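The structure appears right after this line, and notes come after that.
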Amino acid sequence: MIENRLSSEIIANKKRNELTTVSICGAADLGKSYLSKRISEILIEQDLNANHLTLDSYLMDRKTRNQKGLSGYNFEAYNQKEALSNLIKLKNGQSIEFTPYHHKDGKGYGSVKMNPADILIFDGLHTMHSSFLPYIDITIFVYTKDEYLKKLRRKADLTKRNYTIEFSKKISESEFSLYKTNIEPYKKNAHYLLHLESEWIYKLIKTGNNTICD
């Protein structure tokens with residue numbers, strides 16, 4: 001399974017005696033968070049201390065984003081300073097607290113404390129943004145064919161975000177355009193490409209981008 005292969009690659013390239021941060025980036029609705037959770041579980045099963053942090057925990061609530069005309073594909077829709085501060089704290093061996101985001105409700109609530117670990121899986125649309133990259137050790141970009149991406153987005157709008165069919169259709173092309181402009185360029189910085197070929201079937205490609213870890 002792809003999560004086992006990715007876990008093996010991470011273990012082979014993890015840093016010694018310090019946190020290894022893995023970015024799993026790419027379009028919405030391609031399974032990033034699920035894969036991140038499964039990879040974390042597999043690493044823990046192999047006696048490694050692993051955490052999973054999603055950038056969505058720093059996302060503005062949906063009502064505020066709509067008022068500001070922002071999408072999750074806009075980096076400005078996130079509390080960038082808090083996300084970066086927490087990433088640096090974890091890198092420095094400090095604990096953090098964050099508020100999980102709930103897609104059906106379109107807002108965050110509750111509080112979670114996260115202690116330092118050996119490996120951090122950091123997933124989200126913008127986890128390969130230039131502000132985060134200095135603190136990222138391994139980069140994985142998830143993508144698929146454009147038409148398949150649009151299909152998955154429409155399905156997730158209805159089942160995950162609780163949108164109406166009309167609203168999903170209304171924002172479809174603008175969301176796709178934002179993906180192409182704001183997210184797809186991250187692909188060039190990836191150590192690994194993960195191509196979604198069909199439901200939960202991925203093809204893993206090593207890009208040859210520099211040495212991953214010292």
Side-chain angles (χ1 to χ4, degrees), residues 21-37 52-87 98-110 112 121-133 135-136 139-190 193-196 199 202:
T21 305
V22 182
S23 164
I24 300 185
C25 178
D29 311 315
L30 298 186
K32 297 186 304 299
S33 292
Y34 175 80
L35 286 173
S36 297
K37 181 181 178 181
H52 169 215
L53 178 66
T54 175
L55 187 60
D56 283 353
S57 297
Y58 306 91
L59 183 61
M60 290 179 187
D61 66 82
R62 187 177 296 146
K63 182 178 179 180
T64 302
R65 294 201 315 274
N66 288 342
Q67 290 172 345
K68 291 178 177 287
L70 292 173
S71 159
Y73 282 133
N74 295 111
F75 190 53
E76 297 78 13
Y78 299 81
N79 188 333
Q80 309 155 31
K81 290 184 178 179
E82 184 180 358
L84 180 59
S85 174
N86 281 352
L87 184 60
F98 61 92
T99 302
Y101 181 85
H102 302 268
H103 285 277
K104 274 195 176 295
D105 300 324
K107 60 184 178 180
Y109 49 84
V112 174
I121 311 298
F122 183 40
D123 92 85
L125 300 177
H126 293 279
T127 57
M128 285 170 62
H129 187 271
S130 58
S131 61
F132 298 134
L133 275 183
Y135 308 97
I136 304 294
T139 50
I140 302 167
F141 188 88
V142 189
Y143 69 109
T144 192
K145 292 180 180 179
D146 289 350
E147 288 308 311
Y148 191 36
L149 175 59
K150 290 180 181 180
K151 178 181 177 181
L152 292 173
R153 174 64 194 234
R154 287 192 294 270
K155 180 180 178 181
D157 279 350
L158 304 181
T159 60
K160 176 181 173 182
R161 299 179 183 91
N162 214 22
Y163 290 174
T164 63
I165 294 174
E166 292 75 17
F167 185 72
S168 179
K169 288 179 179 178
K170 178 181 177 181
I171 66 171
S172 175
E173 286 306 314
S174 62
E175 288 289 286
F176 179 71
S177 179
L178 285 169
Y179 161 72
K180 299 296 280 188
T181 302
N182 296 343
I183 309 300
E184 194 170 70
Y186 295 142
K187 185 178 179 182
K188 66 181 184 295
N189 293 320
L193 299 179
L194 198 59
H195 184 262
L196 179 62
E199 188 172 12
Y202 297 89

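The shown structure was predicted, so the numbers you read here are calculated from the model rather than taken from an experiment.
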Scanning both residues in full, the closest heavy-atom pair of Leu55 with Ala83 reads CD1-CB, 3.9 Å

Which heavy-atom pair separates Ile140 from Met128 by the least distance, and what is that distance?
->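 That closest heavy-atom pairing would be O-SD, 4.2 Å.
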
Is the side chain of [X] donor-acceptor paired with the backbone N or O of [Y] at a distance under 3.5 Å, no angle test?
| X | Y | answer |
| --- | --- | --- |
| Tyr179 | Ala28 | no |
| Asp56 | Leu59 | no |
| Ser57 | Phe98 | no |
| Lys180 | Glu175 | no |

Donor on one side chain, acceptor on other, Asn182 and His126, under 3.5 Å | no

Going by the side-chain contact (heavy atoms from CB on, under 4.5 Å) test, name the single residue among Leu53, Leu84, Thr99 that passes it with Tyr58.
-> Leu53

Any ion pair linking Asp29 and Lys155 (charged N to carboxylate O, less than 4.0 Å)?
->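 Salt bridge absent between Lys155 and Asp29.
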
Sidechain N-carboxylate O distance under 4.0 Å for Asp157, Arg153 = yes

If the plane angle is over 60° it's perpendicular, under 30° parallel, otherwise tilted; pick one for Tyr186 and His129.
-> perpendicular

Take Lys150 and Glu173 through the salt bridge (Lys or Arg N to Asp or Glu O under 4.0 Å) test and state the conclusion after the steps.
-> CA-CA 9 Å; Lys150 290 180 181 180; Glu173 286 306 314; 3.4 Å; yes

Are the aromatic rings of His195 and Tyr143 close, with centres under 6.0 Å apart?
-> yes

